[in-house]
Amino acid sequence: MVKSRSETRAHILETAARLLDDEGAAALTIRAVAQAAGLQAPALYRFFEDKDALLDAVAEHVFTTYVTGKAAARDGDPVADLRTGWDAHIGFGLANAALFGLLVTPGRTSPAAEAGLAVLRARVHRIAEAGRLRVPERLAVELIHAAGTGAVLTLLARRPEDRDPELAEAMFEAVLGRILTDAPAPPEAAADLSKLTGAERALLAEWLGRD
């Protein structure tokens with residue numbers, strides 16, 4: 001059965017994602033992906049201009065479901081919403097080590113990584129709208145992004161059995177302490193004047209009437 005162009009592209013990306021996961025970024029060459037997908041190397045150039053374009057497409061392919069899930073999850077509390085996103089980010093990085101390395105390579109931009117940052121910016125903006133942000137939004141985004149990236153890379157540098165599950169949580173709490181104000185206090189209840197005696201109400205009125 002002849003595959004359509006979109007089916008062939010999806011097959012290439014799925015093959016490349018498996019190759020990336022099994023053998024790492026160094027194995028993700030045009031020739032290797034073509035061979036694994038049962039195609040000739042020139043065929044891939046009909047879909048991707050070069051290796052960088054292929055890498056971007058693979059990252060976007062794997063990352064799409066993750067980003068969509070982050071964008072859809074909206075808790076009533078914007079801080080809780082941010083925590084949900086943080087947990088998902090850490091989990092994704094640990095489950096997709098090779099891809100995560102591509103997304104955070106210095107000097108290299110990826111549409112998938114930019115989409116993730118856009119979701120983070122939206123989450124931080126909601127916190128700012130709630131009056132809970134003590135630093136500028138841009139700084140808050142950069143602090144959260146840097147902390148999340150650092151936490152994942154630190155954990156990935158260790159063997160799975162040696163990873164401290166508390167590290168990422170401690171990092172998140174430290175960032176929250178830097179960027180958040182205290183939760184606003186509940187408004188004070190209005191004084192119940194009905195409980196005052198007649199004399200007390202007269203005295204209050206006298207005091208309020210004074211210049």
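Side chains included, hydrogens not; waters and symmetry mates left out as well; all remaining heavy atoms used.
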Residues in side-chain hydrogen bond (donor to acceptor under 3.5 Å, both in side chains) contact with Q35, at least two apart in sequence or another chain: none
Sequence-distant partners of E142, side-chain hydrogen bond (donor to acceptor under 3.5 Å, both in side chains), two or more places apart: R138
Under 3.5 Å: donor-acceptor pair, side chain of H145, backbone of L117: no
Sidechain-backbone polar pair: R123 side chain, D81 backbone, donor-acceptor under 3.5 Å: yes
What closest approach, in Å, do [X] and [Y] show between heavy atoms, and which atom pair accounts for it?
X    : Y    : result
R132 : V79  : NH1-CG2, 4.0 Å
V33  : T15  : O-CG2, 4.1 Å
T181 : G131 : OG1-O, 3.5 Å
D50  : Y45  : CA-CE2, 4.4 Å
K51  : L28  : CE-O, 2.9 Å
R126 : G76  : NH2-O, 3.8 Å

Note, [X] side chain near [Y] side chain (heavy atom, < 4.5 Å):
X    : Y    : answer
I90  : M171 : no
E60  : L13  : no
L103 : F92  : yes
L120 : H89  : no
L20  : V62  : no

Determine which pairs satisfy salt bridge (Lys or Arg N to Asp or Glu O under 4.0 Å) with at least one residue from [range], sequence neighbours left out, and list them in order.
range            : value
residues 143-154 : none
residues 82-102  : R83-E169, R83-E173
residues 17-36   : none

Between [atom1] on residue [X] and [atom2] on residue [Y], distance to nearest 0.5 Å:
X    : Y    : atom1 : atom2 : value
L82  : L180 : CG    : CG    : 8.0 Å
D164 : L155 : CG    : CG    : 8.0 Å
I30  : L39  : CD1   : CG    : 11.0 Å

Intermediate values then yes/no, side-chain contact (heavy atoms from CB on, under 4.5 Å), T8 and R46: CA-CA 11 Å; T8 301; R46 294 200 294 268; over 6 Å; no
Partners meeting ring pair (Phe, Tyr, Trp, His ring centres under 6.0 Å) with F48 (sequence neighbours left out): none
Residues E129, H125; criterion side chain to side chain donor-acceptor pair (under 3.5 Å); working and verdict: CA-CA 6 Å; E129 288 184 323; H125 184 65; 3.2 Å; yes
Positive for side-chain contact (heavy atoms from CB on, under 4.5 Å) with L143, one of V124, I179, L176: I179
